[in-house]
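Taking it in order: structure first as structure tokens, then the write-up.
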Amino acid sequence: ALKLGGGDTVLITVDRPAQITIAAWRDALAAFGDGGYRWLIISPDQLKKLLGRNGQPKYSFSVIINDEAQQFRHLAAQRTQYQRRVNRLSATPEKAPFVITVTATPGHHPGEYTYLSALFAQLHDDPPGEWADLGKKLVEHGLPLAPGWDKGKWDWNDQAKGSQRLQNQAVTHVRKWMTDCDPPVMVHRDAPWGPAPIDGLPLDFTATQWAAYHQDWSEFRSAMKIARQGNDTARGRAALMRFRQKAGMLRAPQTAELVAAHVERGYQVLVAVELVTTAADPVAGLLEEHGIGVSRIFGGGDLETERIRFQRGHNPVVVFNTASAINLQASELMVDGSRASSARRIGFFHQPRYSGIAARQTMGRAHRDGQVCSWSLLFAAGTVEEQAARIMINRLMVTSASVDGDLGAFGKLARLFDADWLPESMFM
DNA sequence: TGCAGATACCACGCGCGAAG
DNA sequence: CTTCGCGCGTGGTATCTGCA
């Protein structure tokens, strides 16, 4: 049903890993029909090939669909620079392709919606170039943003950093540009079976754990028998990483215990981690010592085989660190027409991971197609993990609000972290 | 000489293309 | 087919540079 304005070529940019996402789009096109148009499905790593030596686009597309468009939110990144040229985001609407942006996680704040700059320009009757530095333009429109640490990046200003209410107002303001126009240029549909419930579970360290947490990295490393990687005297960003590694490793037994208890109650359990040697490996290892089968979807290995072992119910637990492109939901319809195991899924974030986008994507692994999967966020109270958890949760809520998503699942968390902008009804 | 702003740096893990 | 190096995201401190 596409009217392509005379052209006949459609470009789809997909997220990584290309091996999975390109195949999925190709299957979908085969199922729905190609409408007689020419389609190109491309990964961000190949975008450069659509540009000539002068940096100008070599081809003209009538329609461009950018899937998981948040991958183009950082202006300085190469893939973003290629994407902006291919999409002709600096051209006036009549000279640019018709662009469809697809994402459930637009960004951590409006300054990251850079891939929508041309759309915002159009909505305000401005030339697209004026909105190219999106953060700057949004500040002109009164949004509480300020330049970030890294060049070209923006962040909430100091005032907004301290007020979730202000953040909520800001994302709502920008969202309404897109939903209150005629016709609206943004649509969003919540999962009809409701949002994934999420809760926070702070754990208190014992005296022994605190002592280990404050140990020098080199001592900790040899005591825990972690293979040496890189420097022992890390400062700055690296020091923060060391504390997260230590906290994550010290809590591994408690997480394993919690997971084992839920397996006994008949659940199939998802454990999301960020780090491999100090989190994924120890948690998986402890569970296996208790005779519980674990699918390891991280590092090397045959990830699809591991995934199938979980989905078939051979392994009751999966430990994974990839946030996208894997399906872990109950009763998934498999390629051979059979169904995945129907045991209820439950998820634990073994460690907080700063990114709200990654958190929302992770929760979507099993909470899909009518299947409910509730989540708990584990962290050690009073450690760097608590601050990381606070950031992750705040960003998760903003990310949901930015698409007008259902915030009903965040009541408990908001109370735990003193968030101030959720409706009062949520606190009853 | 002193201070503020810019730049460099650390660690980890993944996917990818190119080279061997 | 395997290996190597790059790009990317994520946090914060240390040091350099330029200006007054």
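Not measured: the values here are computed from a predicted model.
- Each of A/Tyr354, A/Trp375, A/Phe320 was scored for a ring pair (Phe, Tyr, Trp, His ring centres under 6.0 Å) with A/Phe349, with one residue passing: A/Trp375.
- The interatomic distance linking A/Arg353 (CZ) with C/dC8 (P) rounds to 18 Å, in whole Å.
- With C/dG9, B/dC16, B/dA11 as the candidates, the nucleotide lying closest to the side chain of A/Met241 is B/dA11.
- Within the 4.0 angstrom heavy-atom criterion, only backbone atoms of the sugar-phosphate kind lie near A/Arg79; the bases stay farther away.
- Proximity note for A/Trp149 (side chain, C-beta onward) versus B/dA11, B/dC12, C/dG12: the nearest is C/dG12.
- Closest approach to the A/Thr277 side chain among B/dG13, C/dG12, B/dG15 is made by B/dG13 (side chain taken as heavy atoms from C-beta onward).
- Nearest to the side-chain atoms of A/Gln229 among the listed nucleotides B/dA11, B/dG13, C/dC8 stands B/dG13.
- The side chain of A/His74 places no N or O atom within less than 4.0 Å of a non-bridging phosphate oxygen (OP1 or OP2) of C/dC8.
- Close to B/dC12, at under 4.0 Å from its OP1 or OP2, lies a side-chain N or O of A/Gln245.
- Set against B/dG15, C/dG9, B/dC14, the side chain of A/Pro17 has B/dG15 as its closest nucleotide.
- Between B/dG17 and A/Gln46, a contact under 4.0 Å exists linking OP1 or OP2 to a side-chain N or O.
- Although no hydrogens or angles enter the test, the distance criterion places no donor-acceptor pair under 3.5 Å between the side chain of A/Glu130 and the main chain of A/Pro127.
- Taking both residues in full, the closest heavy atoms of A/His108 and A/Arg73 are given as CE1-NH2, 4.4 Å, listed atom of the first, atom of the second, then distance.
- Salt bridge annotation for A/Arg244-A/Glu274: present, with a cationic side-chain nitrogen under 4.0 angstrom from a carboxylate oxygen.
- Rounded to whole Å, atom P of B/dG5 lies 16 Å from atom NZ of A/Lys151.
- The residue A/Arg244 sits apart from the nucleic acid: no heavy atom pair falls under 4.0 Å.
- Atom C1' of nucleotide C/dG12 and atom CG of A/Asp155 are separated by 13 Å, given to the nearest angstrom.
- Taking the six-membered ring where tryptophan is involved, the planes of A/Phe120 and A/Trp131 are tilted, since the angle between them lies from 30° to 60°.
- Remark: A/Thr322 is not in phosphate contact with B/dC14, judged by side-chain N or O atoms under 4.0 Å from OP1 or OP2.
- One can place CD of A/Gln351 at 12 Å from C1' of B/dG13, the figure rounded to the nearest angstrom.
- In the set C/dG9, B/dC10, B/dG13, C/dG9 carries the atom at the smallest distance from any side-chain atom of A/Arg73.
- Here the P atom of nucleotide C/dT13 and the CZ atom of A/Arg242 are 16 Å apart, to the nearest Å.
- Heavy atoms of A/Ala239 sit nowhere under 4.0 angstrom from any nucleic acid atom.
- Along DNA chain B, the nucleotide nearest A/Thr233 and the nucleotide nearest A/Gly299 are compared for position; the residue whose nucleotide lies closer to the 5' end is A/Thr233.
- In this structure, CD1 of A/Ile357 is placed 20 Å from P of B/dC14, rounded to the nearest angstrom.
- Side-chain proximity of A/Asp45 to B/dG17, B/dG13, C/dT10: nearest is B/dG17.
- Ring geometry, A/Trp210 versus A/His214: the interplanar angle falls under 30°, so the pair is classed parallel (tilted spans 30 to 60°).
- Separating the CG atom of A/Asp232 from the P atom of B/dA11 is a distance of 9 Å, rounded to the nearest angstrom.
- Taking atom CZ of residue A/Arg16 and atom P of nucleotide B/dC16, one finds them 5 Å apart after rounding to whole Å.
- The residue among A/Leu303 and A/Gly236 whose nearest nucleotide of DNA chain B is located toward the 5' end is A/Gly236.
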